[in-house]
Amino acid sequence: MKKKIVLAYSGGLDTTVIIPWLKENYDCDIVAVCVDVGQEADWATIKQRALDTGALACYVADVKKEYVEDYVWPALKANALYEDKYLLGTSTARPLIAKVLVDYARKEKAYAIAHGATGKGNDQVRFDLGIMAFAPDIEIIAPWRTWDIKSREEEIEYLEKRNIPVPMKKKDSYSRDDNLWHISHEGLELEDPANEPSLNGMLKMTVPPEKAPNKSEYVEIEFEKGIPVSVNGKKLDGVSLIQSLNKIGGAHGVGLVDLVENRVVGMKSRGVYETPGGSILYYAHQELEHICLDRQTYAFKQQVSNKLGEVIYGGLWFTPLRESLSAFVDSTQKTVTGKVRLKLYKGSISAAGVSSPYSLYNTSIASFTTGELYNHADAKGFIKLYGLPVLVRALMQKGNKGGKAAGKAAVGGKPKTKDAKSKGTAG
């Protein structure tokens, strides 16, 4: 029997080329594995395409539920972003795909796993590290790091020479990744940061903001311990909830990000991301945290969120650091329960009310009307102690300019004479 290679198969241009290329360069059978993380796909057609181009078998693993609950929700609870903008759509999905590939490689007794990530991209890091975490004994084959093909145009030429149908239109040759959480776009005019994105011909899930309705729409999200559980009063599972918000947000043009980011391998790249439902959830979750978390916890969580975004982006999902950061985040979410109302209008999201049984907002304290819990007179002593470093520095500066006596007077009253006896004070 021939050896087997398990291929991460999407049915797109790269993996359509990889099947015949592997068969031509390796004496082995190819088992294609499609991992369904919510991308819009005709799986029957894709499976047939894999078989027609030489795969021994093609499987589809539906892991949408696992993706949402074990990968998306941890990122959401952390409000994790990469470089202030990117909601980690591809970054959260790749570790799970790698884990699924290992499962199938074990079942098929494959000696290697192949993927279509390029030698310039982040996904090669995420796939390789994910595979290594579960199967350090399995060989990893990444054709883009070894073959002579240098561009998407050469890939198309490769297929045409072998009379294999090209699974895309040449004029729409953006490099895309899509799943339940987002759609990313790279290439074409985006390769020059000076160019404005051609949104009308690019977007798949979101309308350009100027084409959104002229009337705003309100949406209410309910959370339980940091996890969204309902939209507009209707309880939904995670997959259905994100799908619902994608439709609502996409219709209003929200969740578009144009980002020049720093890839793991060191170069800068540009992408346009559509994350309508995710953007709504991030905004709502943060609004809820503003009333449910105390100042110190919220401030430290911001640091954790930033670090977690870097860790997830860098493919380090299956590491003690990621697990530890997520454990801290989980501990902060115990009281992040409540409802958030948002207004969507032509690409914008704004807050329209938030409530929680664990709210730390106390009207008696915060109101302009003085209540029993707050005495204005207490502020004087607090400010004096809080500002003591400011006062001491100002006195030092004044003293160095020749005003020592005045400085002493400001601290302790009248300057002491030479005959005055000084008394020590306990430290």
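One is the number of the first residue; the rest follow in order along the sequence. Worth saying up front: this structure is predicted, and the values here are computed from it rather than measured.
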>> So does Ser269 get a backbone contact from the side chain of Arg263, meaning a donor-acceptor N/O pair under 3.5 Å?
In response: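 No, Arg263 side chain to Ser269 backbone: no donor-acceptor pair under 3.5 Å.
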
> Quick one: are the ring centres of His290 and Tyr361 less than 6.0 Å apart?
Replying inline: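 No, ring centres 6.0 Å or more apart.
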
>> Please determine whether side-chain hydrogen bond (donor to acceptor under 3.5 Å, both in side chains) holds for the pair Asp123 and His115, giving the CA-CA distance in whole Å, both sets of side-chain angles, and the decisive distance to 0.1 Å.
In response: CA-CA 9 Å; Asp123 284 342; His115 60 73; over 6 Å; no

>> Set out, in order, the CA-CA distance, both residues' side-chain angles and the distance that settles salt bridge (charged side-chain N to carboxylate O under 4.0 Å, His left out) for Glu108 and Lys4, then state yes or no.
In response: CA-CA 7 Å; Glu108 294 290 328; Lys4 291 181 180 179; 2.8 Å; yes

>> If only side-chain N and O atoms count, and only distance matters, is there a donor-acceptor pair under 3.5 Å linking Thr206 with Glu274?
In response: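 Yes - a donor-acceptor pair under 3.5 Å links their side chains.
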
>> Can you tell me if Asp148 has over 12 outside heavy atoms packed within less than 6.0 Å of its CG?
In response: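 Open.
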
>> How long is the straight-line distance from CZ of Arg94 back to CG of Asp128, given to the nearest 0.5 Å?
In response: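 Output value for this atom pair is 12.5 Å.
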
>> Measuring from atom CD of Glu289 to atom OG of Ser305, what distance do you get when rounded to the nearest 0.5 angstrom?
In response: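 Result: 7.0 Å between the selected atoms.
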
> Taking atom OG1 of Thr53 and atom CG of Leu159, what is their separation to the nearest 0.5 Å?
Replying inline: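 The distance works out to 9.0 Å.
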
> CD1 of Ile183 to OG1 of Thr275: how many Å apart, nearest 0.5 Å?
Replying inline: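 Ile183 atom CD1 to Thr275 atom OG1 measures 9.0 Å (nearest 0.5 Å).
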
> Which of parallel (below 30°), tilted (30 to 60°) and perpendicular (above 60°) describes Phe382 and Tyr386?
Replying inline: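 Phe382 vs Tyr386 ring planes: parallel.
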
> Just wondering, more than 12 heavy atoms not from Tyr358 lying within 6.0 Å of its OH?
Replying inline: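 Open: at most 12 neighbouring heavy atoms sit under 6.0 Å from OH of Tyr358.
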
> Would you call Ser230 and Leu236 a side-chain contact if the rule is heavy atoms closer than 4.5 Å?
Replying inline: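 The answer is no; the side chains never approach within 4.5 Å.
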
>> If we count only N and O atoms by modelled type, under 3.5 Å, do the side chains of Tyr67 and Thr92 hold a donor and an acceptor together?
In response: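 Indeed, the side chains of Tyr67 and Thr92 share at least one donor-acceptor pair under 3.5 Å.
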
>> For Ser175 and Glu186: C-alpha separation, side-chain torsions, deciding distance, then whether side-chain hydrogen bond (donor to acceptor under 3.5 Å, both in side chains) applies.
In response: CA-CA 5 Å; Ser175 175; Glu186 294 180 337; 4.5 Å; no

>> Side chains of Lys64 and Asn179 only: does a donor on one sit below 3.5 Å from an acceptor on the other?
In response: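 Side chains of Lys64 and Asn179: no pair found under 3.5 Å.
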
>> Quick one, Leu81 and Tyr86 - any side-chain contact, counting heavy atoms below 4.5 Å?
In response: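 SC-SC contact between Leu81 and Tyr86 ruled out.
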
> Would the His252 and Tyr345 ring centres measure less than 6.0 Å apart?
Replying inline: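 No, they do not, as the ring centres are separated by 6.0 Å or more.
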
> Side chains of Lys225 and Lys334: closer than 4.5 Å at any heavy-atom pair?
Replying inline: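 No, every pair of side-chain atoms sits at 4.5 Å or beyond.
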
>> Taking CG in Asp84 as the centre, count heavy atoms belonging to other residues, nucleotides or ligands within less than 6.0 Å. Is the count above 12?
In response: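 No, because the 6.0 Å sphere around CG of Asp84 holds 12 heavy atoms or fewer from other groups.
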
> Would you say Ile141 and Tyr26 make side-chain contact, with heavy atoms under 4.5 Å?
Replying inline: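 Yes - at least one pair of side-chain heavy atoms lies under 4.5 Å apart.
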
>> Looking at every non-hydrogen atom in both residues, tell me the closest pair between Met202 and His185 and how far apart they are.
In response: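 Where Met202 meets His185 most closely, the heavy atoms are O-CE1, 3.2 Å.
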
> How long is the span from the OG atom in Ser279 to the CG atom in Leu342, to the nearest 0.5 Å?
Replying inline: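 Ser279 atom OG to Leu342 atom CG measures 11.5 Å (nearest 0.5 Å).
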
>> As a quick check of understanding, evaluate salt bridge (charged side-chain N to carboxylate O under 4.0 Å, His left out) for Asp237 and Lys65, giving each step before the final call.
In response: CA-CA 9 Å; Asp237 63 87; Lys65 182 176 184 293; over 6 Å; no

> Which heavy-atom pair separates Gly249 from Ile280 by the least distance, and what is that distance?
Replying inline: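 Taking Gly249 first and Ile280 second, the nearest heavy atoms are CA-CD1, 3.7 Å.
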
>> Are there over 12 heavy-atom neighbours, none belonging to Glu196, within less than 6.0 Å of that residue's CD?
In response: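 Open: at most 12 neighbouring heavy atoms sit under 6.0 Å from CD of Glu196.
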
> Can you name the ring-ring contact (aromatic ring centres under 6.0 Å, His included) partners of Tyr282, sequence neighbours left out?
Replying inline: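 For Tyr282 there are no ring-ring contact (aromatic ring centres under 6.0 Å, His included) partners, ignoring immediate neighbours.
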
> Is there a side-chain contact between Ile18 and Lys23, using heavy atoms and a 4.5 Å cut-off?
Replying inline: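 A side-chain contact under 4.5 Å is absent here.
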
> Do you know the tightest heavy-atom contact between Pro167 and Arg49?
Replying inline: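 In this case the closest contact between Pro167 and Arg49 is CB-NH1, 3.6 Å.
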
> Which of parallel (below 30°), tilted (30 to 60°) and perpendicular (above 60°) describes Phe328 and Phe300?
Replying inline: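 Perpendicular, since the angle between the ring planes exceeds 60°.
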
> Are the side chains of Leu22 and Glu24 in touch, meaning some heavy atoms are under 4.5 Å apart?
Replying inline: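 Answer no - side chains too far apart.
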
>> Less than 4.5 Å apart, side chain to side chain, heavy atoms only: is that true for Thr45 and Trp43?
In response: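 Not in contact.
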
>> Between Asp330 and Lys77, does the salt bridge (charged side-chain N to carboxylate O under 4.0 Å, His left out) criterion hold? Intermediate values first, please.
In response: CA-CA 7 Å; Asp330 285 345; Lys77 287 188 287 186; 2.8 Å; yes

> Does atom NZ of Lys346 have more than 12 heavy-atom neighbours from other groups under 6.0 Å away?
Replying inline: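 More than 12 within 6.0 Å, yes.
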
>> Which heavy atom of Gly253 sits nearest to which heavy atom of Pro209, and what is that distance?
In response: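 Heavy atoms of Gly253 and Pro209 come nearest at O-CG, 3.7 Å.
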
> Salt-bridged, Glu222 to Lys235, with N to O below 4.0 Å?
Replying inline: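 Yes.
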
> Val260 and Glu83: which non-hydrogen atoms are nearest, and at how many Å?
Replying inline: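 Smallest interatomic distance, heavy atoms only, reads O-OE1, 4.1 Å.
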
>> If I compare all heavy atoms of Cys28 with all of Lys3, which pair ends up nearest, and what's the gap?
In response: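 Smallest interatomic distance, heavy atoms only, reads CB-O, 2.9 Å.
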
> With no hydrogens and no angle check, do the side chains of Gln48 and Asp52 hold a donor and an acceptor under 3.5 Å apart?
Replying inline: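 Note: Gln48 and Asp52 side chains meet the donor-acceptor criterion.
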
>> Is it the case that the side chain of Asp29 and the backbone of Leu56 share a donor-acceptor pair, with hydrogens and angles ignored and the cut-off at 3.5 Å?
In response: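 Side chain of Asp29 to backbone of Leu56, a donor-acceptor pair under 3.5 Å: no, none is there.
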
> Do Glu66 and Lys99 pass the salt bridge (charged side-chain N to carboxylate O under 4.0 Å, His left out) test, and can you show the C-alpha distance, the side-chain angles, and the key distance before you say yes or no?
Replying inline: CA-CA 12 Å; Glu66 182 179 359; Lys99 178 174 174 285; 3.3 Å; yes

> Would a line drawn from the ring center of Tyr283 to the ring center of His285 be shorter than 6.0 Å?
Replying inline: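 Centroid distance Tyr283-His285: not below 6.0 Å, so no.
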
>> Go through it in stages, so that I can follow the logic: the residues are Ser91 and Arg126, the test is side-chain hydrogen bond (donor to acceptor under 3.5 Å, both in side chains), and I'd like the CA-CA distance, side-chain angles, deciding distance and then a yes or no.
In response: CA-CA 8 Å; Ser91 310; Arg126 298 161 184 157; 3.1 Å; yes

>> Can you confirm if the aromatic rings of Phe318 and Phe134 lie within a centre distance of less than 6.0 Å?
In response: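 Yes - the distance between ring centres of Phe134 and Phe318 falls below the 6.0 Å cut-off.
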
> Would Trp181 and Tyr71 count as a ring-ring contact (aromatic ring centres under 6.0 Å, His included) if you check the C-alpha gap in whole Å, the side-chain angles of each, and the deciding distance to 0.1 Å?
Replying inline: CA-CA 11 Å; Trp181 192 240; Tyr71 296 83; over 10 Å; no

> Measuring from Leu245:CG to Ile248:CD1, what's the distance to the nearest 0.5 Å?
Replying inline: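 Reported to 0.5 Å precision, the distance equals 5.5 Å.
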
>> For Glu153 and Tyr158, which I'm curious about, is there any donor-acceptor pair between the side chains at under 3.5 Å?
In response: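 There is no such pair between these side chains.
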
> Can you list the steps and then say if Thr90 with Asp177 is a side-chain hydrogen bond (donor to acceptor under 3.5 Å, both in side chains)?
Replying inline: CA-CA 7 Å; Thr90 302; Asp177 173 70; 2.8 Å; yes

> Do Met205 and Asn246 have side chains that get closer than 4.5 Å, going by heavy atoms?
Replying inline: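 Answer yes - side chains close enough.
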
> Under 30°, 30 to 60°, or over 60°: which ring-plane class applies to Tyr273 and His182, parallel, tilted or perpendicular?
Replying inline: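 Because their plane-to-plane angle is under 30°, the rings of Tyr273 and His182 count as parallel.
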
